[in-house]
Amino acid sequence: MAESLGPRLYSCYNCGNHVSLHDDIISKSFQGRSGRAFLFSHAMNIRVGAKADRHLITGLHTVADIYCGDCCELLGWKYERAYEASQKYKEGKFILEKAKIAKENW
(Lines give C-alpha, C1' and ligand atoms only; values in the text may rest on other atoms or scores of the structure.)
Protein backbone atom coordinates (compact mmCIF):
# COMPACT_ATOMS: atom_id res chain seq x y z
CA MET A 1 0.00 0.00 0.00
CA ALA A 2 1.43 3.37 -1.03
CA GLU A 3 1.97 6.01 1.62
CA SER A 4 0.12 9.28 1.20
CA LEU A 5 2.49 12.24 1.21
CA GLY A 6 -0.23 14.84 1.61
CA PRO A 7 -1.60 17.30 -0.93
CA ARG A 8 0.27 18.12 -4.11
CA LEU A 9 1.76 21.58 -3.68
CA TYR A 10 3.61 24.25 -5.58
CA SER A 11 6.52 25.92 -3.82
CA CYS A 12 8.76 28.90 -4.47
CA TYR A 13 11.59 27.62 -6.66
CA ASN A 14 14.08 29.78 -4.74
CA CYS A 15 13.40 28.81 -1.09
CA GLY A 16 10.79 26.01 -1.07
CA ASN A 17 8.04 28.04 0.66
CA HIS A 18 4.60 26.53 -0.12
CA VAL A 19 2.64 29.00 -2.27
CA SER A 20 -0.35 27.07 -3.68
CA LEU A 21 -2.16 23.75 -3.92
CA HIS A 22 -2.38 21.82 -7.17
CA ASP A 23 -6.14 21.55 -6.65
CA ASP A 24 -6.41 25.37 -6.88
CA ILE A 25 -5.29 25.51 -10.54
CA ILE A 26 -7.97 27.01 -12.77
CA SER A 27 -5.96 27.09 -16.01
CA LYS A 28 -2.49 26.24 -17.31
CA SER A 29 -2.97 28.33 -20.48
CA PHE A 30 -1.58 31.68 -19.34
CA GLN A 31 1.50 33.65 -20.31
CA GLY A 32 3.75 35.30 -17.74
CA ARG A 33 6.80 37.53 -18.02
CA SER A 34 9.13 34.54 -18.29
CA GLY A 35 6.92 32.14 -20.26
CA ARG A 36 4.13 29.78 -19.31
CA ALA A 37 2.05 30.58 -16.23
CA PHE A 38 -0.84 29.06 -14.29
CA LEU A 39 -4.01 30.75 -13.01
CA PHE A 40 -4.82 29.78 -9.40
CA SER A 41 -7.93 30.45 -7.34
CA HIS A 42 -5.86 30.81 -4.15
CA ALA A 43 -2.27 31.44 -3.10
CA MET A 44 -0.66 31.25 0.35
CA ASN A 45 2.46 32.50 2.09
CA ILE A 46 2.83 35.40 -0.32
CA ARG A 47 3.13 39.17 -0.15
CA VAL A 48 1.01 41.35 -2.41
CA GLY A 49 2.60 44.49 -3.86
CA ALA A 50 1.07 47.77 -4.93
CA LYS A 51 -1.77 47.82 -7.46
CA ALA A 52 -1.06 49.10 -10.97
CA ASP A 53 -2.91 49.19 -14.29
CA ARG A 54 -1.24 47.04 -16.96
CA HIS A 55 -2.06 46.31 -20.56
CA LEU A 56 -1.87 42.52 -20.80
CA ILE A 57 -2.59 40.21 -23.73
CA THR A 58 -6.30 40.19 -22.86
CA GLY A 59 -6.65 43.93 -22.25
CA LEU A 60 -6.35 46.42 -19.41
CA HIS A 61 -6.27 45.00 -15.87
CA THR A 62 -5.43 46.30 -12.41
CA VAL A 63 -2.89 43.87 -11.00
CA ALA A 64 -0.54 43.59 -8.04
CA ASP A 65 2.75 41.70 -8.18
CA ILE A 66 2.99 38.80 -5.73
CA TYR A 67 6.16 37.79 -3.93
CA CYS A 68 7.23 34.77 -1.90
CA GLY A 69 6.44 35.46 1.75
CA ASP A 70 9.84 34.08 2.84
CA CYS A 71 12.48 35.13 0.28
CA CYS A 72 10.57 37.93 -1.53
CA GLU A 73 11.12 36.37 -4.98
CA LEU A 74 8.71 37.77 -7.59
CA LEU A 75 6.38 34.87 -8.46
CA GLY A 76 3.63 36.43 -10.57
CA TRP A 77 0.67 38.74 -9.97
CA LYS A 78 -2.85 38.98 -8.58
CA TYR A 79 -5.72 40.22 -10.73
CA GLU A 80 -7.43 42.97 -8.75
CA ARG A 81 -9.73 44.28 -11.51
CA ALA A 82 -10.59 43.39 -15.09
CA TYR A 83 -12.09 46.11 -17.27
CA GLU A 84 -13.48 43.81 -19.98
CA ALA A 85 -16.65 41.90 -19.06
CA SER A 86 -15.26 38.67 -20.53
CA GLN A 87 -12.23 38.90 -18.20
CA LYS A 88 -14.08 39.45 -14.90
CA TYR A 89 -13.57 35.78 -13.90
CA LYS A 90 -9.89 36.61 -13.23
CA GLU A 91 -10.61 39.12 -10.46
CA GLY A 92 -9.15 37.98 -7.14
CA LYS A 93 -7.19 35.18 -8.83
CA PHE A 94 -3.41 34.63 -8.95
CA ILE A 95 -0.91 34.04 -11.73
CA LEU A 96 2.13 31.99 -10.73
CA GLU A 97 4.83 31.70 -13.37
CA LYS A 98 5.86 28.10 -14.08
CA ALA A 99 9.57 29.04 -14.01
CA LYS A 100 9.17 30.46 -10.47
CA ILE A 101 7.47 27.47 -8.81
CA ALA A 102 8.39 23.85 -8.13
CA LYS A 103 6.19 20.79 -7.62
CA GLU A 104 6.16 19.14 -4.20
CA ASN A 105 4.60 15.80 -3.05
CA TRP A 106 4.13 14.51 -6.61
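Here the side chains of Cys12 and Ile101 are not in contact, with every heavy-atom distance at 4.5 Å or above. Between Tyr89 and Leu39, some side-chain heavy-atom pair lies under the 4.5 Å cut-off. A 4.5 Å side-chain heavy-atom check between Glu97 and Phe30 finds every atom pair outside the cut-off. Within the 4.5 Å cutoff, no side-chain heavy atoms of Lys93 are placed close to those of Lys78. Residues Ile95 and Gln31 are not in side-chain contact: their nearest non-hydrogen atoms beyond the backbone lie 4.5 Å or more apart. Counting only heavy atoms from C-beta outward, the side chains of Glu80 and Val48 approach each other to under 4.5 Å.
Between Lys103 and Tyr10 the shortest heavy-atom distance is CG-CE2, 3.8 Å. When all heavy atoms of Ser27 and Ser29 are compared, the pair lying nearest together is OG-N, 3.1 Å. In plain terms, the two heavy atoms of Gly32 and Ala37 that are nearest each other are N-CB, 3.7 Å.
Linking Ile, Leu, Val, Met, Phe, Trp and Tyr whenever their side-chain heavy atoms come within less than 4.5 Å leaves Trp77 and Phe94 in two separate clusters. Both Leu96 and Ile46 belong to a common hydrophobic cluster when Ile, Leu, Val, Met, Phe, Trp and Tyr are linked at side-chain heavy-atom distances under 4.5 angstrom. Placement of Leu9 and Phe40 in two distinct hydrophobic clusters is found when ILVMFWY residues are connected by side-chain heavy-atom separations under 4.5 Å, directly or transitively.
Using modelled atom types and a 3.5 Å distance limit, the side chains of Lys90 and Thr58 yield a donor-acceptor pair. If you check the side chains of Tyr79 and Thr62, you find no donor sitting under 3.5 Å from an acceptor.
Under the 3.5 Å distance criterion, the side-chain polar atoms of Asn45 are left unmatched by any main-chain donor or acceptor of Val19. Between the side chain of Ser41 and the backbone N or O of Ile26, no donor-acceptor pair lies under 3.5 Å. At distances below 3.5 Å, at least one donor-acceptor pair connects side-chain atoms of Glu91 with backbone N or O atoms of Ala82. Judged purely by atom type and a 3.5 angstrom limit, His61 uses its side chain to pair as donor or acceptor with the backbone of Gly59. Using a distance-only test at 3.5 Å, with no hydrogens or angles considered, a donor-acceptor pair links the side chain of Lys100 to the main chain of Leu74. With hydrogens and angles ignored, the 3.5 Å screen pairs a side-chain donor or acceptor of Asn105 with a backbone N or O of Pro7.
For the atom pair Asp70 CG and Cys15 SG, the distance stands at 4.5 Å (nearest 0.5 Å). For the atom pair Arg8 CZ and Ser20 OG, the distance stands at 12.5 Å (nearest 0.5 Å). To the nearest 0.5 angstrom, Glu73 atom CD is 12.0 Å from Asn17 atom CG. Taken to the nearest 0.5 Å, the NZ atom of Lys98 stands 5.5 Å off from the CZ atom of Phe38. One distance of note links OH of Tyr13 with SG of Cys68; it measures 10.5 Å at 0.5 Å rounding. One finds the CG atom of Leu21 at 11.0 Å from the CD atom of Glu104 (value rounded to the nearest 0.5 Å).
Ion pair Arg33/Asp65 flagged as a salt bridge, since at least one NZ, NE, NH1 or NH2 atom sits closer than 4.0 Å to an Asp/Glu carboxylate oxygen.
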*Output, in order, the C-alpha distance, side-chain angles, deciding distance and verdict of side-chain contact (heavy atoms from CB on, under 4.5 Å) for Val63 and Asp53.*
CA-CA 6 Å; Val63 299; Asp53 285 342; over 6 Å; no

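Annotation: Lys51, atom NZ; neighbour count of heavy atoms from other residues, nucleotides and ligands within 6.0 Å does not exceed 12.
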